[in-house]
Protein chains: 2
Amino acid sequence: MEETLRITRPDEAGAKGFDKVFAFLREQLLNGTIRPGDRLIAERELAVQLGVSRPVLREALRALAMLGVVEIRQGMGTVVRRPDVSVLGEFFTFVLAQQSDITDDVMQARIAIECQAVRLACQRAMESDFTRLREALARIEATIDEPVAGGLADFAFHQLLVEAAHSATLRSVYSAISDLLTRSHIARREVVRVSPEMRAHLVEDHRRIYIALLSRDERQVDETLREHFAIGHEFRLRNAMEAARRAPAPQENTE
Amino acid sequence: MEETLRITRPDEAGAKGFDKVFAFLREQLLNGTIRPGDRLIAERELAVQLGVSRPVLREALRALAMLGVVEIRQGMGTVVRRPDVSVLGEFFTFVLAQQSDITDDVMQARIAIECQAVRLACQRAMESDFTRLREALARIEATIDEPVAGGLADFAFHQLLVEAAHSATLRSVYSAISDLLTRSHIARREVVRVSPEMRAHLVEDHRRIYIALLSRDERQVDETLREHFAIGHEFRLRNAMEAARRAPAPQENTE
DNA sequence: GCCATACCGTGGTCTTACCAGTTGGCCCCC
DNA sequence: GGGGGCCAACTGGTAAGACCACGGTATGGC
C-alpha cells in the first residue's frame with residue numbers, strides 16, 4: 001500500500017502540501033501546543049518553517065478559520081480562537097439549503113444528548129436548576145396560545161434540562177444540534193396550528209419531566225423524556241399527513 | 001458605514017477578493033444555480049471570470065470544501081457535494097479538545113450517543129450489522145490478552161454498534177468523540193494491567209450487549225449497555241486509586 | 001481487436017512581486 | 001519638554017506566471 005516512497009521526503013509524515021500543513025496545525029491545536037489566545041507566527045516565516053509556499057499555508061489557515069479555530073486579521077496577525085457553536089451557522093445554512101429531511105436524523109442525536117443529560121442531571125442538578133426549570137414551566141404555560149413565544153419557551157425548557165447536567169461537552173453538542181433544529185423550524189414556518197387538546201397536553205408533559213427529575217430517578221426521567229419525544233414525533237407525523245398537499249411541513253411548538 | 005467607495009469598483013458587490021468569491025459561490029450554491037453533482041468549471045477559468053487570482057479562488061474553494069459543500073479531486077475537477085453532517089465531526093473535535101478535563105465529560109457524550117444508537121439499531125439493524133458484530137465479538141475474544149489489539153477490538157465493537165443505527169448524525173458525532181477519547185487513551189498510556197477476572201468479564205459483557213440487540217428490545221439493550229459502561233467506570237476508578245501515586249492514569253481496554 | 005503509451009485537462013504547488021491595513025517609533029512643531 | 005502627525009516596518013491580501021502530479025482519453029503499435 002505504501003507507494004514508492006519519495007526521494008525528496010520533505011520532512012515528516014507522508015502527507016504533503018496542504019494536507020501536511022493542515023495536519024500539523026490541527027495536531028498542534030488539539031495537543032494544546034498552540035492554545036486559544038496565542039498568536040501564530042507570521043505567514044511568511046511559518047511557510048518557510050513548514051517547507052511550503054505561502055499560498056498553500058494560507059489555504060490551510062483559511063480552512064481553520066472556516067472552522068472557527070483561528071481568526072485572521074489583516075495587519076494584526078492570526079490568532080487562535082476558542083471555537084464556539086456560532087461557526088455552525090454557516091455550515092447549517094448549506095445543509096438545510098438542500099436536504100431538509102436531515103432533521104429526523106439530527107433529532108436522534110438530540111434525543112441522545114438530552115436523555116443522557118437528564119440522567120446526569122439526576123446526580124448533579126442543583127436548586128438553582130430546578131428554580132429555572134420551574135420558571136420555564138410557567139412560561140410554557142403562559143405562552144401556550146402563542147406559536148412563536150410558545151416554541152421558544154418550549155425550547156428554553158429543554159435547554160435548561162441540558163444545563164442541569166453541568167456538562168460542557170453535552171452542552172456544546174446540544175447547542176449545535178438545537179441550533180440546526182431551530183433553524184429548520186424557522187425555515188418551514190408555515191405554521192400548522194396546534195390543536196387545543198395538544199396544548200394542554202404540552203404543559204402537563206413538561207411538568208411530568210420536571211417531577212421526574214425532582215425524584216432524581218435516572219430511569220424514570222429518561223423514560224418520561226422519551227415518551228415526550230415519542231408523542232411529539234407522532235404528532236408531527238400526523239400533522240405532516242394532514243398538510244401533505246401544500247408541503248411536508250411540520251409545525252413548531254411540539255417538543 | 002459604507003466606506004469611501006473605491007474608484008476601481010471591480011465588478012459587483014462591495015466585497016473584494018476572497019470575500020467576493022466566497023459570497024458569489026455561496027449565493028450560487030444556496031440559490032440552486034449550482035446544484036449537488038454539478039462540476040465547477042476549471043479553477044483557472046473561474047478565477048478569470050471572477051476577476052481574482054487563482055490562489056484566492058483556491059482559498060475560497062478550500063473553505064467550501066471544509067464545509068463539505070464541494071469536493072476537490074485532483075485531475076477530476078471540483079464537484080458540488082450534498083453536504084452532510086460529517087463535517088460536524090471535524091468541528092466537534094476542535095471544540096471538545098479545548099475543554100479542560102476532557103475525558104470524563106466527553107465520556108458522558110459518548111454514552112449518550114451510543115445508548116441512543118443501540119436503541120435506533122433495534123429498529124434498523126440489518127443482518128450484515130449482526131454479522132460484523134459477531135466478528136468483532138470474536139476478535140475481542142481472540143485478543144483478550146493483548147492490551148493494544150484488545151483495546152482496538154473493543155473500540156471496533158462499539159463503533160459497529162453505532163453503525164448499526166444507520167444514522168449519519170450519530171455516526172459523525174460519535175466519531176469525533178471517540179477520536180478524542182482515543183487521543184486521551186494514547187496520551188496516558190502508562191498501561192495498568194487488566195486483571196484476569198476482568199478479561200473474562202469483558203468478553204461476556206460484550207456478548208450480552210450483542211444478545212440484547214438481537215432481541216431488539218430498546219430498553220433492555222440500553223440498560224445492558226449502561227451497565228457495561230458503569231462497570232468500566234467503576235473499574236477505572238479502582239485502577240486510578242491503586243495507581244494513584246504515579247499518575248491519575250486509567251488504562252485502555254475497559255469499555 | 002486489444003493493450004500500452006502519449007497527450008491533454010485538471011487540481012497542486014512554488015515563486016516573486018506588490019497592495020493594503022496596523023502598529024509603533026521617530027521627528028517636528030508647538 | 002510634551003504632544004501630535006508622519007513615516008517605516010511589521011502584519012495579512014492579492015496578483016501573475018510557471019511548473020508538477022494525477023486522471024482520463026485518444027491514438028498509435030502490436
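In what follows, chains carry the letters A, B, and so on, assigned in the order in which the sequence lines appear, proteins first and then strands, with residues in each chain numbered from 1.
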_On DNA chain D, does the nearest nucleotide to D19(B) precede the nearest nucleotide to E45(A) from the 5' side, or the other way round? Give the residue._
E45(A)
_Nearest-nucleotide comparison on DNA chain C, the residue closer to the 5′ end among G75(A) and P55(A)_ = P55(A)
*Let me know the distance between CD of Q49(B) and P of dA15(D), rounded to the nearest Å.*
15 Å
_Gap between atoms CD and C1', on E43(B) and dG12(C) respectively (whole Å)_ = 8 Å
_What verdict does the side-chain contact (heavy atoms from CB on, under 4.5 Å) test give for H166(B) and L120(B), after you've listed the backbone C-alpha separation in whole Å, the side-chain angles of each residue and the deciding distance to 0.1 Å?_
CA-CA 8 Å; H166(B) 297 281; L120(B) 253 190; over 6 Å; no
_Whole-Å gap separating P (dG11(C)) and CD (E71(B))_ = 13 Å
_Spacing between L50(B) atom CG and dG13(D) atom C1', to the nearest angstrom_ = 17 Å
*Any chance you could measure E43(A), atom CD, to L50(A), atom CG, to the nearest 0.5 Å?*
11.5 Å
*May I ask you to evaluate whether S53(A) reaches the phosphate of dC14(C), defined as a side-chain N or O under 4.0 Å from OP1 or OP2?*
yes
*E59(A) has an atom CD; how far is it from atom C1' of dG12(D), in whole Å?*
16 Å
*Mind checking whether T169(B) and Q108(A) have side chains closer than 4.5 Å, heavy atoms only?*
no
*Is the distance from OP1 or OP2 of dG11(C) to the nearest side-chain N or O of R58(B) less than 4.0 Å?*
no
All N/O pairs under 3.5 Å across the protein-nucleotides 18-20 of chain D interface:
residue: dA18(D); atom: N6; partner: R54(B); partner atom: NH1; Å: 3.4
residue: dC19(D); atom: N4; partner: R44(B); partner atom: NH2; Å: 3.3

*With respect to the phosphate group of dT11(D), does any side-chain polar atom (N or O) of T78(A) fall under 4.0 Å of OP1 or OP2?*
no
*May I ask you to check whether over 12 heavy atoms, not counting those of R35(A), lie within 6.0 Å of atom CZ?*
no
*Establish, yes or no, whether the cationic atom of R139(B) lies under 6.0 Å from the six-membered ring centre of F157(B) and within 45° of the ring axis.*
no
*Between dG12(D) atom P and I72(A) atom CD1, what is the distance in whole Å?*
9 Å
*Do F229(B) and H158(B) have side-chain heavy atoms sitting under 4.5 Å apart?*
yes
*Centre of F18(B)'s six-membered ring, under 6.0 Å away, within 45 degrees of the axis: is that where NZ or CZ of R62(A) sits?*
yes
*Between dG12(D) (C1') and L40(A) (CG): distance, integer Å*: 13 Å
*Rounded distance (Å) that lies between atom C1' of dT11(D) and atom CG of L57(A)*: 13 Å
*If you find the nucleotide of DNA chain C closest to F18(A) and the one closest to M76(A), which residue's nucleotide is nearer the 5' end?*
F18(A)
